[in-house]
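As the structure lists them, so they are numbered: ligands from 1, and atoms in each ligand from 1.
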Amino acid sequence: MCGIVAYIGNKEAYPILIKGLHRLEYRGYDSAGIALLNGGLSVHKTKGKVSVLEEHMKDFDKSGTIGIAHTRWATHGEPNTQNAHPHYSFSRKIAIIHNGIIENYSTLKKELINRGYEFHSDTDTEVLVNLIEDIQTKEEVNLEEAVRIALNQVIGAYAIVILSQEHPDMLIAARKGSPLVIGIGENDFYLASDATPIIEYTKNVVYLDDEEVAILKRGSELKIKTIKNEEKTPYIQELEWNLNELEKGGFDHFMLKEIYEQPTSIRDSFRGRLHPDKGTVSLGGIIDYEQKILNADRIIIAACGTSWHAGLVGEYLLEEIARIPVEVEYASEFRYRNPIITENDVMIAISQSGETADTLAAIELAKEKGATVLGICNVVGSSIARATDAGVYTHAGPEIGVASTKAFTAQVTVLTLMALRFAQLKGTLPKSEYVRLLHEMELIPEKVKKVLDDNGLIEEIAGKFKDSRNFLYLGRGYNFPVALEGALKLKEISYIHAEGYPAAEMKHGPIALIDKDMPVVFIAPNIGIYEKVVSNIQEVKARNGVVIAIVTEGDTTVKNMADYTIEIPETEEMFVPLLATIPLQKLSYHIAVMRGCNVDQPRNLAKSVTVE
Ligand code: G6P
């Protein structure tokens, strides 16, 4: 939610800020703005994407070596120019950018109005900057202290950067609940919501912790204090991702590039962990917690969106292979329903970004009740990675397309490894079968590659159905979550209504929708309860439904019934989601492109949801 980027140093700030905003645009894109200090403090804002701001800036002075910039995903106030960031303080001497929500903003706003402040936007952010200014004047303190005092008064989440006309050599930044990374350059500092705008300038970064304030002065060392004024020593880490991973690399869209990266991202997620020749799986990140997991009453998986779907696949895997009871929870529901959690529970929180507010809150709740909390995250050093007791990173690399693709299959890969590791420790599978599964897993990236090579078949199917108004996705067992994920992908990027359902549940409602205009996508590999799925396909055909089926290579039964079939290579049932998901991602992608939709930045969505 919202992208923050800021710079202070000896280079021109504007090109760094604009490029940074483009890199962060996936976080929110309903308006954008920039503040530069060059003599006076100037703020420029526009509704819409960063390119609109860039166009607008053509007529203005863009010089200056210090600046802050923002791309917004609206929470308080509609997406328009007034509500875009940065926001000036009342005197127009201070400008602020903010990601997060100030929950007590209306009380603070009333007090400030009573003290003569006027507001030009509907945002909570403008309240915060005026609160800082008010404290500075009223209490006659310096800006740094005023920021600290103000942050002690606000309730909610924030990542902020402040630029003041009276301090041309200083930026002040702070965070609570919303991420903020500081890049340490040769003679300069870069600030951003995540490392993507920083990576091309420096690999040395400091992740600000909750309730920490950073003071970035030109020509000085980075200073960090808590909002209670305690000094902290900055912990400098090295970034692992590189610039190539952030570019489109010849693909039309990030989403397509990320779909095609899956053979690599799946392999990277099991590399060094899967040892078929030794007949073992090792997960260094959670080794100290293995006994705890084996003794646990149950595993609670908490996640949101696509990560929740990965969690559902995890439930099938962990219960079937490792024989550990699993419950999968929407983090947003779990946190508010007074769930029963004990010290004998282990939570696995799954999150690509590692910043999802509801997932973080579910983790805090589980920790409070004494449960052990493990994480499966893609972003190293993210809030969730740091809030959990231990975890296993997915090595999918940066995912820029808002609709998650390679992160999903990487999450499923890690969950598969977990299930296999726990199965090994518990001895739930005969050795020969176990080793066979490990060998099969090693082949999955090659099989994914084969699925990606579809000779244009999926594009052709997309062309036939691009104007459909509804889609139904059906699967059973491991493929029920795949159906949910397929439907989610389609609605996210093409805006076609789509529902995922367990195939047999279709009879209890969705069957009423079936007619000749209703494409029904079946995930029907020739394994598990295949015959039952075949019956479900017959039920749809009997009602003139149009069937698109994902089938195992060489299948003839379904091929004779379905209108279109897409083949995936044969594999063990537990690995089918890693293959069957791929054609569904491609189908959504091509339909969205044909409908002229913005695939990488679909309307109303954001990549990382840092508000509840
Ligand atoms: C947003 C994104 C989804 C993602 C979900 C959970 O809704 O648009 O793609 O699945 O958040 O995000 P997380 O980073 O926690 O996996």
Salt bridge or not between R175 and D209? Use side-chain N to carboxylate O under 4.0 Å. no
side-chain hydrogen bond (donor to acceptor under 3.5 Å, both in side chains), that's the test. Do K489 and T306 meet it? Break it down for me. CA-CA 9 Å; K489 271 318 70 110; T306 289; 3.1 Å; yes
Mind checking whether E355 contacts ligand 1 via backbone (N, CA, C, O), side chain (CB onward), both or neither, at a 4.0 Å heavy-atom cut-off? neither
Under 3.5 Å between any N/O of T306 and any N/O of ligand 1: does that happen in this structure? yes
How close does the nearest protein non-hydrogen atom get to atom 12 (O) of ligand 1, and which residue and atom is it? T356 OG1, 3.3 Å
Name the option, out of E399, Q352, E492, that contains the heavy atom nearest to atom 3 (C) of ligand 1. E492
Protein heavy atom at shortest distance from atom 9 (O) of ligand 1: V402 O, 3.3 Å
Ignoring hydrogens and geometry beyond distance, is a side-chain donor-acceptor pair present between N470 and H497 at under 3.5 Å? yes
Minimum-distance pair of heavy atoms, taken over all atoms of I400 and K607: O-CD, 4.1 Å
Provide the number and element of each atom of ligand 1 under 4.0 Å from a heavy atom of K607. 1 (C), 2 (C), 11 (O)
Can you find an N/O atom of S307 closer than 3.5 Å to an N/O atom of ligand 1? yes
Report the part of A606 (side chain from C-beta onward, or backbone N, CA, C, O) that has a heavy atom under 4.0 Å from ligand 1; answer both or neither where that applies. backbone
Return yes when atom NZ of K491 has more than 12 non-hydrogen atoms of other residues, nucleotides or ligands closer than 6.0 Å, and no otherwise. yes
If the plane angle is over 60° it's perpendicular, under 30° parallel, otherwise tilted; pick one for H70 and H85. parallel
Face-on cation placement of R595 at Y495 ring, 6.0 Å and 45° thresholds: no
The option among S404, A303, C304 carrying the non-hydrogen atom nearest to atom 6 (C) of ligand 1 is C304
Can you sort out which atoms of ligand 1 are near S351, meaning under 4.0 Å from one of its heavy atoms? 13 (P), 14 (O), 15 (O), 16 (O)
V609 contact mode with ligand 1 (heavy-atom cut-off under 4.0 Å): side chain
Does the pair E399/K406 count as a salt bridge with the N-to-O cut at 4.0 Å? no
